[in-house]
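Here is the structure we will look at.
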Amino acid sequence: MPTSSASTTDSTKSSSSSGGVQSLERAFDLLERMADAGGEVGLSELSASSGLPLPTIHRLMRTLVVCGYVRQQPNRRYALGPRLIRLGESASRLLGTWARPYLARLVEETGETANMALLDGDEIVYVAQVPSKHSMRMFTEVGRRVLPHSTGVGKALLADLPAEEVRALLSRTGMPAATEKTITTPDGFLAALAEVRDLGYAVDDNEQEIGVRCLAVSVPNSPTAAAISISGPAGRVTESATERIVPVLQQVAAELSEALANTGG
């Protein structure tokens, strides 16, 4: 997931060249920096990372607090506020809407059900699906939440995180076995993530549901961590089918990434 790195000078140039409002651009930049820092920061940290003077940051943060997008903690640090949840939920729904034509193409080219999922906190949430045209097909309800360790999209989304972050997540969620093939140890899961990095795609081989195989890839440079996948009966999503399907998945993910990057015009 990309991090915020725009400097004050870059922000000024962006405002002057695009006709934007500098204070608005700075406020959004601060929100993104807070998200990159885990959701809670101090003013001095924001000043150091953004290059903005403390009085400017304080003024912007007070406005964001009044609007409900930021809240001040008892320790005087600032945290992302609850009004952002509503925006995020609406944006997630729209993200699924934007993705549907790309998922439809996956279905046409692979014959299997196509999904899009996001990493939301410690869980995977499915935000879009286009079903296969086969009479025997996989179905995952949009909005369904699952733990990442037993899914292809979960592996794809966690593959590039530092090992200590993955271990911390697994310690919070636990690793219950959905099937006899579910990976249930942190070391085993980290080894699977290393394989994802080597291969360029993730596999759920009967780990979430017996008889079902899923292939997944992350969407590069997505504004929030996202992955797309296909899922189908293990008898159809075979090793030979994998060789055909994975390049299609990777190409569609790249095109979706480009489309998302261009939504701001």
Side-chain angles (χ1 to χ4, degrees), residues 1-4 28 31-32 34-39 80-107 112-131 138-162 165-166 168-170 172-173 178 189 192-193 196-197 200-204 207-209 214-231 249-250 252-264:
M1 187 160 48
T3 57
S4 303
F28 278 113
L31 289 173
E32 290 189 7
M34 292 179 71
D36 293 340
L80 295 175
R83 284 198 73 180
L84 291 172
I85 296 173
R86 177 169 171 265
L87 297 181
E89 289 175 345
S90 297
S92 293
R93 288 193 294 271
L94 283 175
L95 189 59
T97 301
W98 293 329
R100 281 188 61 83
Y102 297 88
L103 299 183
R105 180 180 152 201
L106 275 178
V107 174
E112 304 300 342
T113 295
N115 313 280
M116 183 177 191
L118 307 180
L119 181 62
D120 183 19
D122 291 343
E123 296 178 315
I124 301 300
V125 58
Y126 289 92
V127 295
Q129 181 180 83
V130 175
M138 304 303 107
F139 178 78
T140 298
E141 183 180 359
V142 171
R144 182 188 179 197
R145 291 175 175 271
V146 295
L147 298 181
H149 71 284
S150 60
T151 63
V153 285
K155 292 175 186 175
L157 287 165
L158 297 183
D160 291 326
L161 290 183
E165 289 188 25
V166 175
L169 183 151
L170 296 175
R172 292 190 297 267
T173 63
F189 190 67
L193 296 187
V196 173
R197 292 191 293 272
Y201 65 93
V203 181
D204 159 14
E207 297 162 52
Q208 178 68 27
E209 185 176 346
C214 301
L215 306 173
V217 298
S218 61
V219 179
N221 303 313
S222 174
T224 188
I228 58 174
S229 69
I230 65 90
S231 57
L249 265 173
Q250 293 170 331
V252 171
E255 292 176 7
L256 178 55
S257 172
E258 184 176 355
L260 293 174
N262 293 331
T263 54

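Computed over heavy atoms, backbone and side chain alike; hydrogens, waters and symmetry mates excluded.
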*Hey, what do you get for CG (Leu249) to CD (Glu112), rounding to the nearest 0.5 Å?*
11.0 Å

*Taking the side chain as C-beta and beyond, is there a heavy-atom pair between Leu103 and Met116 under 4.5 Å?*
yes

*Using modelled atom types only, decide if a donor and an acceptor are shared between the side chain of Ser222 and the backbone of Thr224 within a distance under 3.5 Å.*
yes

*asked:* List the residues meeting side-chain hydrogen bond (donor to acceptor under 3.5 Å, both in side chains) with Ser150, not counting sequence neighbours, and say none if there are none.
replied: Gln208

*asked:* Does any part of the side chain of Tyr126, heavy atoms only, come nearer than 4.5 Å to the side chain of Val146, both counted from C-beta?
replied: yes

*If you take all heavy atoms of Val219 and Ala253, which pair is closest and at what distance?*
CG1-O, 3.8 Å

_Single hit among Val166, Leu170, Leu158 for side-chain contact (heavy atoms from CB on, under 4.5 Å) with His149_ = Leu170

*Of the non-hydrogen atoms in Val196 and Ala202, which two are nearest, and what is the gap between them?*
CG2-CB, 3.7 Å

_Any salt bridge linking Glu123 with Arg144? Criterion: basic side-chain nitrogen under 4.0 Å from a carboxylate oxygen._
no

*Please assess Asn115 against Val153 for the test side chain to side chain contact (heavy atoms under 4.5 Å, CB included), listing each intermediate value before the final yes or no.*
CA-CA 9 Å; Asn115 313 280; Val153 285; 5.6 Å; no

_For a 4.5 angstrom cut-off between non-hydrogen side-chain atoms, does Ile228 reach Leu256?_
yes

*Under the salt bridge (Lys or Arg N to Asp or Glu O under 4.0 Å) test, which residues partner Asp160, sequence neighbours left out?*
none

*Find out whether Val130 and Tyr102 are in side-chain contact, i.e. whether some heavy atom of one side chain is under 4.5 Å from a heavy atom of the other.*
no

*Of all residues at least two apart in sequence or in a different chain, which pass the side chain to side chain contact (heavy atoms under 4.5 Å, CB included) check with Val203?*
Tyr201, Asp205, Arg213, Leu215

_Holding to side chain to side chain contact (heavy atoms under 4.5 Å, CB included), I want the full list of residues that pass it with Pro82, two or more places apart in sequence or in another chain._
Arg71

*Leu157 and Ile124, any side-chain heavy atoms less than 4.5 Å apart*: yes

*Give every residue pair that meets the salt bridge (Lys or Arg N to Asp or Glu O under 4.0 Å) criterion with at least one member in residues 96-106, sequence neighbours excluded.*
Arg105-Glu109, Arg105-Glu255

*Shortest non-hydrogen contact between Ala216 and Ser229, atoms and distance*: CB-CB, 3.7 Å

*What distance do Lys155 atom NZ and Asp204 atom CG have between them, rounded to the nearest 0.5 Å?*
6.0 Å

_Set of side-chain hydrogen bond (donor to acceptor under 3.5 Å, both in side chains) partners for Asp122, sequence neighbours left out_ = Arg172

